[in-house]
Structure formats: structure tokens, C-alpha cells
Amino acid sequence: MAASLESLRKVRDGGPPLATLTAYDYPSARLLDEAGVDLILVGDSLGMVVLGYEDTTHVTLAEMRHHTRAARRGVKRAVLVGDLPYKTYETPKQAVESARQLLDDGADAVKLEGGREVEPQVRALIDDGIPIIGHLGMLPQRIQEEGRYRKKGKSEDEAARLLDDAQLLDKLGVKAMVLESMFRRVAREITEAVSIPTIGIGAGNGCDGQILVTHDLIGAFPWFCPPFAIPKANVAESISRAVSAYVEDVRTSHD
Ligand code: KIV
């Protein structure tokens, strides 16, 4: 049976924690869906792990649309979420136009980064009936302003701002929120303070669920893996081994 965004709320009534992952193409989305993942995010992390960009700020809406359509073909059951990429939700009008395109491509909801600073965009999306997943904490689309990836919520002020943002998103009507790279006590406090599911990444186990970039989970991007991701496979090594064996076969089997 297809999961609905509303079904994510079951975790709040004692249901199991949400197991969620990223996928950017048909076979991975289908494998994840068939393995029982609750929510599949076509994340703009595809900029790094699929397209080879330095960070997510280079990802375009056209690229997100292309990958959302591919993932949609593989997903029958899980909730499918598409990321609004950098600079595609600068104004409420632009946010609605961009989000509508991802929904046309098959996303069940869109995710956007930020709290109070994107309140007008969140209001416009919700007024337009577009389901939203929030994203607070370390925001990869801010890398150029901030200069480095830093865990959030260390100071009391920063923790209070995060809590305030989370309560605002909840009040505005977002369906769930990702809490990325923040001190676990802050993620736990937010989870206790809001009515919607929280999905953590590098934010401890006090959230309602977890998300990982699938490449980090399966060891498919050997050049970088964040410290909080514990790979459960080494796909990069399997590929290298298979390719080396093939190269060897071809070179030794020709007359
Ligand atoms: O783009 C992405 O994959 C994400 C997850 C890390 C939450 O936003």
C-alpha cells in the first residue's frame, strides 16, 4: 500500500522510527522502496554524490526535475520528496513555481532549507496546497556564506533560534522536518516541542527517524563520508574489483 505523508505521523502515536534515505535514480529508488524505506528524498546532495559538484549550490531545478522523474518511476509505496535547490525559492512566487514543477515530476512533497527567513515562502507553498518538509540545523545550501560545515546548536542563543524556527515551521503546517548536524540535546528538545515528525542526520537518536545519503550508507562515494554515517557495505570496492576483473578478462581473452 502506498504510504501517505500523513502516515509519517504514526511515529508520533508510538509507531516505529522513520527509516528514510536518498535516491536519485530508478534502480536505487526501486531498491529502497522494495526494502521498506518510509520516505525517499531526491536530495540536492545529488550535486556531490552523482554530479561531481563541490557542493549543493550548483544544482539546478532542471537537474532536480530530471532525477525526481527517474526516482518516481521506481517508487510505488514510500513517500517521495524532492529538494528545492539553491536560489529556486528566493520569493514566495518563485517557491510556488519551482515546487509545482517538482510535484508535476511526481514528488509527493518538497523540502526547503531554513526557518524564519523563509516564512513567506513556506506560507505561500502551504496556501497553494503544496506539502512541505522543513530542514533546519546545518544547511548545506548556506556553505558559501558560512565557509564550512559546522554542527549547530552549541551556544544557548543558537539552540534557542533553532527551537524557535522549528516551532514556527510546525505552526505554519510543514509535514515533517529534517534536523541536520546539530547537538543531540537540541534535536531532542525540538522533537519534544513540535507536533510533527523530526528526521535526524548527524543529530543523535532523539529524533523520530533518521535519514542518510544512501551513498554514505552503502560506501558508494569513497572520497568523503561524514563521521556520523556508518557504511553497511562497500559498493565502491565491489565496483572497482568487478571492473578490474573485467579489464583483465578483456585484455587476456583476445587473440
Ligand atoms: O540533500 C540531501 O540529501 C539532504 C539530506 C542530507 C537530508 O538534504
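As the structure lists them, so they are numbered: ligands from 1, and atoms in each ligand from 1.
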Quiz item: Taking the six-membered ring of Phe183, is NZ or CZ of Lys151 closer than 6.0 Å to its centre and within 45° of its axis?
Solution: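 Yes; both conditions hold, so Lys151 lies above the ring face of Phe183.
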Applying a 4.0 Å heavy-atom criterion (strictly less than), which segment of [X] is in contact with ligand 1: side chain, backbone, both, or neither?
X	result
Ile201	side chain
Thr56	neither
Asp44	both

Quiz item: Between Tyr86 and Gln144, does a side chain to side chain contact (heavy atoms under 4.5 Å, CB included) hold up when you go through it step by step?
Solution: CA-CA 11 Å; Tyr86 186 58; Gln144 287 175 358; 4.0 Å; yes
Quiz item: Quick check: does Asp83 get an N/O under 3.5 Å from an N/O on ligand 1?
Solution: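 Yes - when backbone and side-chain N and O of Asp83 are compared with those of ligand 1, one distance drops under 3.5 Å.
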Self-check item: N/O separation below 3.5 Å, Lys111 to ligand 1
Solution: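 Yes, since at least one N or O of Lys111 sits under 3.5 Å from an N or O of ligand 1.
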Mark up the atoms of ligand 1 that fall under 4.0 Å of a heavy atom belonging to [X], in ascending order.
X	result
Gly43	1 (O), 2 (C), 3 (O)
His135	8 (O)
Thr22	3 (O)

Practice problem: Compute the centroid of each ring, for His215 and then for Tyr24, and state whether the two points are separated by less than 6.0 Å. | Solution: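 Yes, they do, as the ring centres are separated by less than 6.0 Å.
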Quiz prompt | Residue pair Thr191 / Thr198, side-chain donor-acceptor N/O under 3.5 Å | solution =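 There is such a pair between these side chains.
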Exercise. Quick one: pull up CG in Leu212 and CD1 in Ile199 and give me the separation to the nearest 0.5 Å.
Key: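 Taking CG in Leu212 and CD1 in Ile199, the distance rounds to 12.0 Å.
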Quiz item: For atom 4 (C) of ligand 1, which protein heavy atom lies nearest, and how many Å away is it?
Solution: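 Going atom by atom, the protein heavy atom closest to atom 4 (C) of ligand 1 ends up being Leu41 CD2, 3.5 Å.
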Give every donor-acceptor pair under 3.5 Å between a side-chain atom in residues 58-66 and any protein atom, sequence neighbours left out.
residue	atom	partner	partner atom	Å
Thr60	OG1	Glu63	N	3.0
Thr60	OG1	Glu63	OE1	3.4
Glu63	OE1	Tyr53	OH	3.3
Glu63	OE1	Thr60	N	3.0
Glu63	OE2	Tyr53	OH	2.5
Arg65	NE	Asp105	OD2	2.6
Arg65	NH1	Gln101	OE1	2.8
Arg65	NH2	Asp105	OD1	3.1

Quiz item: At the 4.0 Å heavy-atom cut-off, does Glu113 count as touching ligand 1?
Solution: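 Under 4.0 Å: no for Glu113.
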Quiz item: So between Gly200, Ser45, Pro226, whose heavy atom ends up nearest atom 1 (O) of ligand 1?
Solution: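 Residue with the shortest heavy-atom distance to the ligand atom: Ser45.
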Practice problem: Would you mind checking if Arg184 and Glu189 are paired as a salt bridge, meaning a charged N to carboxylate O distance below 4.0 Å? | Solution: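 No, this pair does not count.
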Quiz item: Can you name the side chain to side chain donor-acceptor pair (under 3.5 Å) partners of Lys87, sequence neighbours left out?
Solution: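 By the side chain to side chain donor-acceptor pair (under 3.5 Å) rule, Lys87 matches no residue at all.
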